[in-house]
Structure formats: C-alpha cells, structure tokens
Amino acid sequence: MSATRVLVLNSGSSSVKYQLLDMSDSSRLAVGLVERIGEETSRLRHTHVESDTTREWSGPIRDHEAALKAVSEELARDGLGLDSPELAAIGHRVVHGGQSFTAPTVVDDAVLAEIERLIPVAPLHNPANLTGIRTAQTLRPDLPQVAVFDTAFHTTMPESAARYAIDTATADAHRVRRYGFHGTSHAYVSRATAKLLGKAPEDVNVIVLHLGNGASASAVRGGRCVDTSMGLTPLEGLVMGTRSGDLDPAVIFHLARVGGMSIDEIDTLLNKKSGLIGLCGDNDMREIRRRVDEGDEEAQLAFDIYIHRLKKYIGAYYAVLGRVDAVAFTAGVGENASPVREAAVAGLEELGLAVDGELNAVRSDRPRLISPEFARVAVAVIPTDEELEIATQTYALVGRNTRQ
C-alpha cells in the first residue's frame, strides 16, 4: 500500500486547523479545527468529507499536545488515524522562514533551531508553529515533518525590492528587510491564474490580491515573486481588518513622544486596533458594505481608504511588472466582495482593466474571469487553497527524498 496521504497542520497560539488530503488525486478526506486551546470551553469541529458528517466536541483541551491527540482520535474514528501506513508526511504552515528557507524543508533539529531564532520577527506565529511541529513529532517520530514557509515564495524578490533604505550594517545585524507573507496563497493563486488563462506560469505576469482580514498584494513575473506589500512583519502594505498597513514611521515617534504611549501600546494600536476596525469600528467587509448601503459616512470613508490603498498597489505593481496579463482577487474579501473588486479597478480602463458587472456579481467557488471578453488585462477571481498548496509542496518533497 503506497503512502499518499498528507496531514496539513496550521497551529496558532490557541488553535489548530487541520486537513487530511490524499495526494493521489488531491482530494480531501477530513477537515477540522480545534480552538480555544488552554481554556475550559475548548472546541473541536471535525468533518469526514466522504460521508459528509460533522462531529463537534467541547470541553477543556489543556495544550497543543492534547489538541493533536484529540485530532488523532477523531481521524481514527473515520479509519484515517495517524498510525495509518498510508500517511506519507505531516506538513506544517510556518509563518516566518527569514532568508534561510526558500523552499519546503524536512524538519530536523537545525531547522527547529532556526525557526526558533526567527521568533523576534514573528513573535505571534513562530512559537505556535514550533509547538505544533514538536507535538506532531512526539505523536509520529518516524514520520517526515515538513515545514512550508509563508515567506518562501517571496525570497525571489530582487534586493532592490527586499531592502529598506536604512543603514546596511544595522539592517543586516538585526535581519531587517522585507520578507512578505501569505506566500503559499500567492504561489497557488498565481499558478491557478495562469492555468485559467491556458498558459504556463512562466509566460504570465500576475498581480495577486490576497484580501482577507489580513491582506497583501504581490507582483509575480513568470511564476516568481518580484515584489510584495508586506514587509519585515505582516503590518506593512494594504489596509487590513485590524492592521494599519503603510504609514509614516514617524507616527510611532509622535505617539510615543507626544501621546505618551509605550511601544507595546503602539504595537497593539497598529496591529489590533487600526485598519478597518480603527476607521469605522467594523472589520467585516460585509457589515461595512451594509452600513455603506445605508448611507453611513464613517463606513463609506473606511471603504474609500481601503480601496484607495488597494488601487495604489495595483498601479505600483503594474509599473514594476511592465506588462500585466491578469489581476487575481483571492481570500475571503477578494473572493466574495464584488463591490471591492469593482471599486478597485474602476478608473483603470486606460491600463486595460475593467470588470463586467454581471460576471462580477456571480457567486462561485470556482476560478473565473470577471473582465469583459476582450479586455486587454484579465481580471480573475481565484479561490485560494493554502492547505492544498502546503500538501502539494510537502508530498513533492517527501517523494523526492524517497526517490533519492
């Protein structure tokens, strides 16, 4: 019996998202979520895809080890346990790989040490990712654990895009540069866009707009990222649900000196109390659009600021690429908010960008074009699939190692 299954784990500080996929046909066998780990009211939701059955469980789940044991038990109930010989590897989402990791990597002690060394530039994410890996190792020490890095896709950026214009020695000493994030999504969507156009990825230039509660843009030339909006951390770039995105760095000095705010208070303000929620009190685009339709001026301004920033990045990345074959919208807002897509390209007709109103209004979970038939630049909606991308990269790596 060949081992073709990959378990994908996305470990957060108090949650574990998981999917079990069969890479012989890229099908999903099970999906689930454990949340509120460490609380009395922890919850587990597990779906067995083939039978279309969902089980939910609530109660205290002490830590990530207990969470993964609970996941293992749920999988075993469906005959999909972690002890199955069909399980080829476990793939882990790791947010920050710095410059060290440019591709998926089989985890060993040196890899764990480097992920840990990068904690200062990803304090919210890398510790949780490490916990997930170490816990999975205790459950299946014989199984390859593969780290797939959010930053890896962006390591192809030229130095002119990756460097900040600060003292080079200081930047190098503290690893200050633009790394980018959402890389698995940008990689998947850029390739899926090329496929939708009937072309090879190396023949297509794409602007990818990953618009969720976190949001980022990338310029992809011939399948390689040449620029992206997030930087040292996920704070830079587009207006997001709770993050400010781009702002004058002196705002921080001003808030500290004049506002008397501490560094931690400013960090919380910019990461958790800014963006859409800071502008209008809501970070759900559906609610913001409802308020806009009712004439709410605060919500309208928040929407306008969001679109203004998005449009600036489309124009900037058009200039970076020189030739654009497609603009692809993805993630929760990008895939579902038709007013965002329409507003983002409005007025860009001279750049060959336009949206067909009827096509844009269609709701679908499939890749599709929403631009007029003979538009010079395609506008696409591409549902992202980060779990499939992680599983694909994990299985490809394990397969290469096996053949070697």
Side-chain angles (χ1 to χ4, degrees), residues 19 21 23 25-28 152-154 156 180 182-212 215-229 238 310-311 313-315 317-318 320-346 348-349 351-393 395-396:
Q19 290 194 15
L21 298 94
M23 300 313 296
D25 58 4
S26 298
S27 62
R28 281 170 178 76
F153 183 64
H154 304 303
T156 56
H182 296 144
T184 52
S185 177
H186 286 278
Y188 176 86
V189 170
S190 60
R191 288 201 314 274
T193 302
K195 182 178 180 181
L196 182 65
L197 298 180
K199 298 180 179 180
E202 55 267 26
D203 296 329
V204 176
N205 290 355
V206 187
I207 297 172
V208 178
L209 304 172
H210 177 108
L211 307 179
S216 60
S218 68
V220 182
R221 177 183 292 126
R224 294 167 60 86
C225 177
V226 295
D227 205 349
T228 192
S229 58
L238 302 174
L310 185 56
K311 192 171 293 190
Y313 268 91
I314 293 173
Y317 286 171
Y318 205 119
V320 166
L321 291 170
R323 187 199 83 239
V324 174
D325 299 295
V327 173
F329 290 87
T330 193
V333 175
E335 294 170 29
N336 298 299
S338 57
V340 168
R341 299 190 297 259
E342 180 180 7
V345 302
L348 301 182
E349 291 81 8
L351 297 179
L353 287 162
V355 161
D356 181 288
E358 291 186 6
L359 294 176
N360 190 37
V362 172
R363 297 294 295 270
S364 173
D365 59 359
R366 300 184 64 82
R368 60 198 186 277
L369 294 177
I370 59 170
S371 46
E373 185 176 356
F374 299 107
R376 192 166 82 248
V377 178
V379 179
V381 180
I382 308 289
T384 192
D385 199 332
E386 294 174 270
E387 290 79 13
L388 177 58
E389 181 68 18
I390 292 170
T392 299
Q393 292 189 27
Y395 190 66

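We number each residue from 1, following the sequence as shown. These values consider heavy atoms only, across backbone and side chains, with no hydrogens, waters or symmetry-generated copies.
- Atom-to-atom distance recorded for Ile207:CD1 and Thr193:OG1 is 11.5 Å, nearest 0.5 angstrom.
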With side-chain contact (heavy atoms from CB on, under 4.5 Å) as the criterion, how do Val377 and Val345 come out once you've worked through the C-alpha distance, each side chain's angles and the decisive distance to 0.1 Å?
CA-CA 11 Å; Val377 178; Val345 302; over 6 Å; no

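- Here side chain to side chain donor-acceptor pair (under 3.5 Å) pairs that include residues 198-212, with residues two or more places apart or in two chains, are Ser185-His210.
- Checked by atom type and distance alone, the side chain of Thr384 never pairs as donor or acceptor with a backbone atom of Ala331 at under 3.5 Å.
- Ser190 contributes atom OG, which lies 4.0 Å from atom CZ of Phe153 (distance to the nearest 0.5 angstrom).
- Between the Asn360 side chain and the Ser338 main chain, a donor and an acceptor come within less than 3.5 Å of each other.
- Between the side chain of Arg341 and the backbone N or O of Gly334, at least one donor-acceptor pair lies under 3.5 Å.
- Side-chain atoms of Tyr313 do not come within 3.5 Å of backbone N or O of Leu238 as any donor-acceptor pair.
- The backbone N or O of Arg366 sits less than 3.5 Å from a side-chain atom of Arg368, completing a donor-acceptor pair.
- Leu369 is listed as a side-chain neighbour of Leu197, based on a closest heavy-atom distance under 4.5 Å.
- Checked by atom type and distance alone, the side chain of Ser371 never pairs as donor or acceptor with a backbone atom of Val355 at under 3.5 Å.
- Within the model, atoms CG of Leu353 and CD1 of Ile314 stand 7.0 Å from one another, a figure rounded to the nearest 0.5 Å.
- Partners of Arg28 according to the salt bridge (charged side-chain N to carboxylate O under 4.0 Å, His left out) rule, which considers only residues two or more places apart in sequence or in another chain, are Asp385.
- Interatomic distance, NE2 of His154 versus NE2 of His182, reported as 8.5 Å (0.5 Å rounding).
- Interatomic distance, Ser229 OG to Leu209 CG, rounded to the nearest 0.5 Å: 8.5 Å.
- Under the 3.5 Å distance criterion, the side-chain polar atoms of Arg221 are matched with a main-chain donor or acceptor of Val320.
- Listed here is the closest heavy atom pair of Val204 and Ala194: CG2-CB, 3.9 Å.
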Go through the steps to decide whether His186 and Ser216 satisfy the test side-chain contact (heavy atoms from CB on, under 4.5 Å), and finish with yes or no.
CA-CA 9 Å; His186 286 278; Ser216 60; 2.8 Å; yes

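- Side-chain N or O atoms of Tyr317 include one that pairs as donor or acceptor with a backbone N or O of Thr228 at under 3.5 Å.
- Counting only residues at least two apart or in different chains, salt bridge (Lys or Arg N to Asp or Glu O under 4.0 Å) contacts with residues 352-364 are absent.
- A donor-acceptor pair under 3.5 Å is absent between the side-chain atoms of Ser26 and the main chain of Met23, judged by distance alone.
- Closest of all the heavy-atom pairs between Glu389 and Ala187 is OE2-CB, 3.9 Å.
- Note: Gln393 CD to Tyr188 OH = 12.5 Å, rounded to the nearest 0.5 Å.
- When all heavy atoms of Ala344 and Leu310 are compared, the pair lying nearest together is CB-CD2, 3.7 Å.
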